Amino acid sequence: MIPQLKQAIVKAFSTEFDHTVSVEEIKIENTNPQFEGSFTFVVFPYLRVTRKKPEESAEIIGNAVVQELTEIKDFNVVKGFLNFSLKDAYWVEYLESLTQAKRLGTTADKPQKVMVEYSSPNTNKPLHLGHVRNNLLGFSIAEILEYYGHEVIKVNLINDRGIHICKSMLAYQKFANGETPESSGIKGDHLVGKYYVEFDIAHKKELAELVASGMSEDEAKASSTLMNEAREMLGKWEKGDEETLALWNKLNNWVYKGFDASYSRMGVSFEKFYKESETYLLGKKMVMDGLEAGILFQKEDGSIWADLTDDGLDQKLLLRADGTSVYMTQDLGTADLKYADYGMDTSIYVVGNEQDYHFKVLRLILEKLGKTYASGVFHMSYGMVELPEGKMKTREGKVVDADDLMDEMYETAKLRTMEQGKTDGLSDDELHGLYETLGLGALKYFLLKVDPTKRIVFNPSETIDFQGNTGTFIQYTYARCKSVLRNWSDSLTFDTSLELEPTERDLIAHLFGFDAKLEEACKLYSPSIIAQYLYDTAKFYNSFYNQCSILKAENQSLIQFRVGLTAVTVRMLETCGKLLGMQMPEKM
RNA sequence: GGUUCCAUAGCUCAACUGGAUAGAGCAACUGCCUUCUAAGCAGUAGGUUCCAGGUUCGAGUCCUGGUGGAAUCACCA
């Protein structure tokens, strides 16, 4: 309908004002709810062409368009705003087309191959709320792109080596007495995380003692036995010391098992895992090649750098004097490996905005090195999740643990459901599934409804809502629709002579807007667009539901139309819910 | 100190990328279950969009300056 409307406006300009405008420059907006109509054309920008007052110009174009398009019922003019209303028959036919559509929403004109890297955890501690946001964002972005028709590869780059990993290994060796997940009953990632914290405690204690014995803080740091032992361990690891590798493998495998459980509960997944231990050396060759080609330069001490001063940035170290690599080196190598593996058009990194500078530099260096895929590298920079007192800090215990949070959501969902007392006849298994669906649904919606680029301040003392603009509200609406549809098994026919209620028309017009929202969500990599749309869908449906009787409407054609509206709504809720990773309950 | 980002109702968030009288939810208040699920619906109240200028038919949105906050500027990742 939008293309036809634009075309008619172009024609009106041509015949009424003898002026040529292109279809592309015509903008059609959704009519503000407080005015009559569905689509709006703003004439202000064209007054120079029409050389008439806004109202008069709009009037002329409106008349011409109504002549041209039979679907247009009427138009009204408020100042420079030209609002079009469509005939109810058009909306009924549109709804009918949706009931028969194979899928909701159009697909991309030019499908691409897109890689989405997300999660990217360290193997020295369990996941926290920050990771949860990352996981849900990454997964949802991947789902949205895939639904829009792109080929998507979800990958996880695991940070499984380095001094921080050695810290937990060392503490485990010293203090654990052979404790295992089995012997302690502690989930693997939490067990390893416990020793990461213990290292920090012991290290701080050691420093304090050294300072008390008369050392300066710097001296204490330099002579700390624990820290030196950790560094020593990292050296052994890099040299491939068997005993160290065995410990490393044992602990990491516990962590992976723990992560698997958390990922699976969150409902996120990956096609491929990259591990830093397998990629950290790859960047070296790229750097050496860059040096040889004169793109990079070497300092007197032998270290190798990229000079980015022409681009308004600093110099960036890429290889230390001793030839070991840094974070950037590894990321260069990984970027190259990813492209060699998949040859994707776009490579999205879902990483917090604290790394904006890093990714700016990464892309720039890839460009300088002449990598063609550099232009496809995109940092999906999202806002950090913070506590009221600031950033989360694992070592100080100031974290909202992912597993704990999911447990709490489950318990709250159980409590709320029991308060409602509407689940008679459900088995224990079904109840368990329902609490999980509701608890995680609330959590997912809570995190995804917010614009990804904005930071989230999470207050653990305020529980996540189950009322209002929440995942629960959407799930409730879904269950409500299902309850109606359970009482209907016949096929549907649509009567185009029906006269619609405003709530019915509003809901269909809203469903009409899905294409634009899906496209926008893809363009911005923003699940919040879908979440917002999903909320509005439920909102419009509930308005309609409260105002109109469905199965007991006055006549058969009205009943069938309203059942059809319910059927399409349920499909939209399910589709969008899936894009956010949310499950929907049949009853609640 | 340099660079980048942010500031909207008491709180949490929107505002279709420059459009109409800035909208939702929570919290408060008022109605609505003999009817397909009231985890809902309808309504009341709540705003100098941080401040001061500028751009134009029109600014929460763009530009300049200021205030307040955050991130980053590692031979950490």
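Quick note on labels: first sequence line is chain A, next is B, and so on, each numbered from 1. Because the structure is predicted, anything quoted here is derived from the model rather than measured.
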Exercise for review: Look at Glu117(A) together with Lys338(A) and state whether they make a salt bridge at an N to O cut-off of under 4.0 Å.
Suggested key: yes
Study note, to complete from the structure: Taking C36(B), A20(B), A14(B) as options, the one with an atom nearest any side-chain atom of Phe35(A) is A20(B)
Check your understanding: Does any donor-acceptor pair link the side chain of Asp322(A) with the base of C75(B) at a separation under 3.5 Å?
Key -> no
Check your understanding: Looking at the side chain of Lys391(A), which of A14(B), C75(B), U72(B) is the nearest nucleotide?
Key -> U72(B)
Check your understanding: Are Phe44(A) and the base of G19(B) stacked, counting only ring centres nearer than 5.5 Å and planes tilted under 30°?
Key -> yes
Review point. Just by distance, do the side chain of Asn124(A) and the backbone of Lys167(A) share a donor-acceptor pair under 3.5 Å?
Key: no
Review point. According to the Watson-Crick and G-U wobble definitions, with both distances under 3.5 Å, which nucleotide is paired to U4(B)?
Key: A70(B)
Review point. Between the side-chain atoms of Ser528(A) and the base atoms of A14(B), is any donor-acceptor pair under 3.5 Å?
Key: no
**Study point:** For C33(B), glycosidic torsion class - syn if within 90° of 0, otherwise anti
**Key:** syn
**Study point:** Given RNA chain B, 5'-ward residue of the pair Leu438(A) and Gln34(A), judged by closest heavy atom
**Key:** Gln34(A)
**Study point:** Span that lies between the C1' atom of A59(B) and that of A52(B), in whole angstrom
**Key:** 15 Å
**Study point:** Inter-nucleotide C1' distance (A42(B), A7(B)), Å rounded
**Key:** 34 Å
Exercise for review: Determine whether any donor atom in the side chain of Asn83(A) lies under 3.5 Å from an acceptor atom in the base of A20(B), or the reverse, and answer yes or no.
Suggested key: yes
Practice item. Look at Glu55(A) together with Lys53(A) and state whether they make a salt bridge at an N to O cut-off of under 4.0 Å. Key: no
Check your understanding: Does Arg455(A) have a side-chain nitrogen or oxygen under 4.0 Å from the phosphate oxygens OP1 or OP2 of G69(B)?
Key -> no
Practice item. With C1' as the reference atom in both, quote the distance from G18(B) to U61(B) in angstrom, rounded to an integer. Key: 7 Å
Point to revise | Full working for side-chain hydrogen bond (donor to acceptor under 3.5 Å, both in side chains) between Thr279(A) and Thr334(A) | key: CA-CA 6 Å; Thr279(A) 66; Thr334(A) 311; 3.2 Å; yes
Study note, to complete from the structure: Sorted by position of nearest nucleotide on RNA chain B, 5' first, the leading residue of Tyr476(A) and Ala538(A) is Tyr476(A)
Practice item. Using the P atom as the reference point in each nucleotide, state the distance between A24(B) and A45(B) in Å, no decimals. Key: 13 Å
Exercise for review: When you get a sec, tell me which of C57(B), C41(B), A77(B) is the closest nucleotide to the side chain of His164(A)?
Suggested key: A77(B)
Practice item. Once you apply the 3.5 Å cut-off to both distances, tell me the Watson-Crick or G-U wobble partner of A77(B), or none. Key: none
Exercise for review: Please give the nucleotide sitting opposite U44(B) as a Watson-Crick or G-U wobble pair, both distances under 3.5 Å, or none.
Suggested key: A28(B)
Review point. Under a 3.5 Å cut-off for both distances, is G58(B) Watson-Crick or wobble paired, and to whom?
Key: none
Check your understanding: Is any side-chain nitrogen or oxygen of Lys539(A) closer than 4.0 Å to OP1 or OP2 of G25(B)?
Key -> yes
Exercise for review: Report the distance from atom CD of Gln467(A) to atom P of G40(B), rounded to the nearest whole Å.
Suggested key: 5 Å
Exercise for review: Output, in order, the C-alpha distance, side-chain angles, deciding distance and verdict of side-chain contact (heavy atoms from CB on, under 4.5 Å) for Leu580(A) and Lys444(A).
Suggested key: CA-CA 7 Å; Leu580(A) 302 182; Lys444(A) 288 177 179 182; 5.9 Å; no
Review point. OP1, OP2 of C75(B) versus side-chain N and O of Thr324(A): anything below 4.0 Å?
Key: no
Practice item. For A14(B) and G60(B), measure between their C1' atoms and round to the nearest Å. Key: 12 Å
**Study point:** N or O in side chain of Lys79(A) less than 4.0 angstrom from C57(B) OP1/OP2
**Key:** no
Check your understanding: Going by a 90° cut-off around 0, is U17(B) syn or anti?
Key -> syn
Exercise for review: Indicate, with a heavy-atom threshold strictly under 4.0 Å, whether Asn546(A) touches base, sugar-phosphate, or nothing.
Suggested key: base
**Study point:** C41(B) OP1/OP2 closer than 4.0 Å to side-chain N/O of Arg480(A)
**Key:** no
Review point. Is there a donor-acceptor pair under 3.5 Å between the side chain of Asn134(A) and the backbone N or O of Val350(A)?
Key: yes
Check your understanding: Does Arg161(A) use its side chain to pair, donor to acceptor, with the backbone of Glu276(A) at less than 3.5 Å?
Key -> no
Point to revise | Opposite nucleotide pairing with U17(B), Watson-Crick or G-U, both atom distances under 3.5 Å | key: none
